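A short write-up of the structure that comes next.
Reminder, nothing fancy here: chain letters follow the sequence lines and each chain counts from 1. Keep in mind that this is a model prediction, so the values were computed, not measured.
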Number of protein chains: 2
Amino acid sequence: MAMPDQRLPRYQQLHDDLVAQIGNHVWRPGEAIPNEAELAKTYEVAIGTVRKAVDGLVAEGLLERHHGKGTFVRRPRFDSSLFRFFRFQSPSGERRVPESRILQREVLEAPSAVADALRLPVATPVIRITRLRLIDQNPVLAEEIWLPKDKFATILGLPSEEIGDLLYPAYEQYCGQVIASATETLTVESVAGAYARLLRLECGLPIIVIERLAYGFDGQPLEWRRSRGPADQFRYQVDIR
Amino acid sequence: MAMPDQRLPRYQQLHDDLVAQIGNHVWRPGEAIPNEAELAKTYEVAIGTVRKAVDGLVAEGLLERHHGKGTFVRRPRFDSSLFRFFRFQSPSGERRVPESRILQREVLEAPSAVADALRLPVATPVIRITRLRLIDQNPVLAEEIWLPKDKFATILGLPSEEIGDLLYPAYEQYCGQVIASATETLTVESVAGAYARLLRLECGLPIIVIERLAYGFDGQPLEWRRSRGPADQFRYQVDIR
DNA sequence: CAGTGGTCTAGACCACCCG
DNA sequence: GGGTGGTCTAGACCACTGG
């Protein structure tokens, strides 16, 4: 473990050290970390200081406390609780995870817009994934996804069946990268060309465009994606604060 | 002040009591609350317990701590920091608060959809405000806003100039109601009829529809609004987590 | 300088979970 | 019952703010 900055408060040093250990999979998601008394002893701090550090990690969603049982590394869930973005309205109206069809995976030199977003030098190798998402065989979203190659190289060789319908669990499982937060920007455009064909829409019909920049726990951008879907069946819900 | 539930932790009782006092404007936004030692003495708890209660209020955005100065009731700001929703792109691209033109204020019996959203009995008196928002004289948003009459009656008689371009500060100043959180749902429709005229659009052009349900600190719904604007100049940004 | 919040301690006791 | 986290205390010392 790296030498922490002695000028920082001890609870902050402990916090950072625990983040690092969670990131290095010292404890796997779902496992318990040592109990508070033990942490206090090994780090030579009072138990109140341990609690303050753990409080922060719980607030950030890295840990879960369970009274009487222990403190556990949290397994992020992007489909239901965290990312409840889209409500693809099936005929009956319930929310569904769309099927995912990967069309292409390739390695490119980062175009300047992508390099800017991911905070990489221009022409750094990046992975570009194109993907079609469907509900009941009907295309609802066409996506292009950009990832830094050095962190996500293992996703390149993976069979599509291994990846499944959700990318973020795959990032976690196969690349050790956890998405913790994101920023989305929505605009409306008219569809044309390749996207009209993919989404089976007439040229000129309105589509919604969603750009997402997703970050890891350390605040580093990990993924940039742009998704397009027919505007007429679009529904997007957000909670503010 | 009401008798708090003795079964709750003392920091929680203190927390709730401070919420009530802030809600009753015992201290006005921007003012300092008593210092920690004083609170500890008057509530007969240890200073660490006071800190835990205040920690919660800071996390909820009700208070702000300033090291060496004191702890202050926070003045919510909906234009810049909290509600950074719309980026009306002026030619130069900067974000602007659109001008607000109130078209109508009337009292109605709540239609069932509105009563449901605001959790009121059907046919409860509600206020309906219609409003046009413009940038450089161009309409960017047509809004209808529904409020429970019992809480917002004072807004009815207010001159438009007193209300200004933002409603939430007016709710706070004239009705004593503070908006703390909201849920927004976005969809896309084709414009027709009255909205086409208001927004000066041809019938059939796509518009964005934003439904917002806004809540007070106690979680009670206070306002329901539906806003419509031309889709082509629409841009919406959200931070997730 | 005095007053404020920020950190940290060492320990007590309570409430929950599970064998 | 033994182990866990949750609450609470009483106080020390530090760091920032402002007159």
Legend entry - Residues that B:Arg51 engages under salt bridge (Lys or Arg N to Asp or Glu O under 4.0 Å), provided they are two or more places apart: B:Glu36

Inset, instruction - Could you encode protein contacts along nucleotides 8-19 of chain D as a string, one character per nucleotide from 5' to 3', using B for base contact, S for sugar-phosphate-only contact and - for no contact, with a heavy-atom cut-off of under 4.0 Å? - result: SB-----BBSS-

Legend entry - Spacing between B:Glu36 atom CD and C:dT7 atom P, to the nearest angstrom: 11 Å

Legend entry - Euclidean distance, atom CG of residue A:Leu63 to atom C1' of D:dT4 [Å, nearest integer]: 15 Å

Inset, instruction - Could you list the residues that satisfy side-chain hydrogen bond (donor to acceptor under 3.5 Å, both in side chains) with B:Asp116, not counting sequence neighbours? - result: none

Legend entry - salt bridge (charged side-chain N to carboxylate O under 4.0 Å, His left out) partner of A:Arg225, chosen from A:Glu144, A:Glu184, A:Glu143: A:Glu143

Legend entry - Contact list for residues 54-75 of chain A, test ring pair (Phe, Tyr, Trp, His ring centres under 6.0 Å), sequence neighbours left out: A:His66-A:Phe72

Inset, instruction - Please identify each residue that fulfils side-chain hydrogen bond (donor to acceptor under 3.5 Å, both in side chains) with A:Glu211, with sequence neighbours left out. - result: A:Arg226

Legend entry - C:dT4 OP1/OP2 closer than 4.0 Å to side-chain N/O of B:Asn35: yes

Legend entry - Protein-nucleotide distance (B:His15, atom NE2; D:dT7, atom P), rounded to Å: 13 Å

Inset, instruction - Could you state the atom-to-atom distance from NZ of A:Lys52 to C1' of D:dG6 in whole Å? - result: 17 Å

Inset, instruction - Would you please name every residue forming a side-chain hydrogen bond (donor to acceptor under 3.5 Å, both in side chains) with B:Thr154, sequence neighbours left out? - result: none

Legend entry - Whole-Å distance separating the CD atom of A:Glu64 from the P atom of C:dC17: 14 Å

